[in-house]
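Below: the structure, in structure tokens.
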Amino acid sequence: AMLRLHLLTWDVKDTLLRLRQPVGQSYAAEARAHGLQVQPEALGRSFREVYGAQSRRFPNYGRGQGLSSRQWWLDVVKQSFRLSGVQDEAALAKLAEKLYRDYCSSHNWEVLPGAAETLSRCRQLGFRMGVVSNFDSRLEVILSQCNLRHHFEFVLTSEAAGFAKPDGRIFEQALRLGGARPEQAAHIGDDYSRDYRAARAAGMHSFLLRAAGQGEGPEVPPEHVLPTLSHLLARIEK
């Protein structure tokens, strides 16, 4: 049976956009430009540890805890460098500001293969489109810089929504913004619990972008799995 869909919502990171290089490499390159030698691998490990701790202590970029997402990120960057042995606080402040700005641009992000074409085709088919992403307020700018923003009627970040996926309330907000009932909407993302399962729990359809050989995740009906974004059109063709 063809799905009677009106609205498609999209995850961004590792669905439409991906980082051009690992965080440790970007951070190390920026440190070198400031005359500091730090090993990319060490920085990558430090970043993962710090990001995890900050996310647990201040979920969703500290929203509702008196933290701006900008401050949240500046703290993560500085702490990642401190943990990797950098002690020069003046240099850290400069590095953090520069990296916070750099991650706003296509300098650090690239569009995944098939994403632009698939989004264009979905719009031509008449779907309403929106973004639902666990991201901070920089996302609008990033999508514009990567020439994808014009595909979407709305960009709903967890920072703006006040709830992060898998919380169903972010999907409820998206459905209101998109003017659709849950059964008229489908969400596309790469994360089993935050995208696929969470959207289904909210009553929506969803598709899981899962590249071949990506390791065995939980069982998902094959017709809900997208080996590439280009496979979406065959699943939803109006």
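- Identified under the side-chain hydrogen bond (donor to acceptor under 3.5 Å, both in side chains) test for residues 63-75, with sequence neighbours left out: Ser69-Glu159, Arg70-Glu97, Gln71-Asp75, Trp73-Asp136.
- In this structure Glu172 satisfies the salt bridge (Lys or Arg N to Asp or Glu O under 4.0 Å) test with no other residue, sequence neighbours excluded.
- Using a 30° and 60° split on the angle between ring planes, Phe135 and Trp109 fall in the tilted class, from 30° to 60°.
- Side-chain contact of Asn60 with Ser158: a donor-acceptor pair under 3.5 Å is present, judged by distance alone.
- Listed for the Glu110 side chain is no donor-acceptor partner under 3.5 Å among the backbone atoms of Arg18.
- Remark: side-chain polar atoms of Ser144 are not paired, donor with acceptor, to backbone N or O of Arg149 under 3.5 angstrom.
- Leu229 is not connected to Val132 by any chain of hydrophobic side-chain contacts under 4.5 Å among Ile, Leu, Val, Met, Phe, Trp and Tyr, and they are in different clusters.
- Evaluated for a side-chain hydrogen bond (donor to acceptor under 3.5 Å, both in side chains) with Gln184, the options Arg128, His205, His6 yield exactly one hit, His6.
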query = Does the salt bridge (charged side-chain N to carboxylate O under 4.0 Å, His left out) test come out yes or no for Glu89 and Arg82, once each step is laid out?
reply = CA-CA 9 Å; Glu89 286 296 320; Arg82 286 187 198 116; 2.8 Å; yes
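- Side chain of Arg200 to backbone of Ser206: a donor-acceptor contact under 3.5 angstrom is found.
- The six-membered or imidazole ring of Phe171 lies near that of His187, with a centre-to-centre distance under 6.0 Å.
- Clustering ILVMFWY residues whenever any of their side-chain heavy atoms sit less than 4.5 angstrom apart, transitively, puts Phe207 in the very cluster that holds Leu8.
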inquiry  = Before you tell me yes or no, could you show the steps for Leu175 and Arg181 under side-chain contact (heavy atoms from CB on, under 4.5 Å), namely the whole-Å CA-CA distance, both residues' side-chain angles and the distance that decides it to 0.1 Å?
reply    = CA-CA 6 Å; Leu175 291 165; Arg181 294 192 307 278; over 6 Å; no
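- Counting only heavy atoms from C-beta outward, the side chains of Arg123 and Met129 approach each other to under 4.5 Å.
- Put simply, the side chain of Thr15 gets close to the backbone of Asp190: a donor and an acceptor are under 3.5 Å apart.
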ask   = Checking side-chain contact (heavy atoms from CB on, under 4.5 Å) for the pair Asp102/Ser26: CA distance, chi angles, key distance, verdict?
value = CA-CA 10 Å; Asp102 277 355; Ser26 302; over 6 Å; no
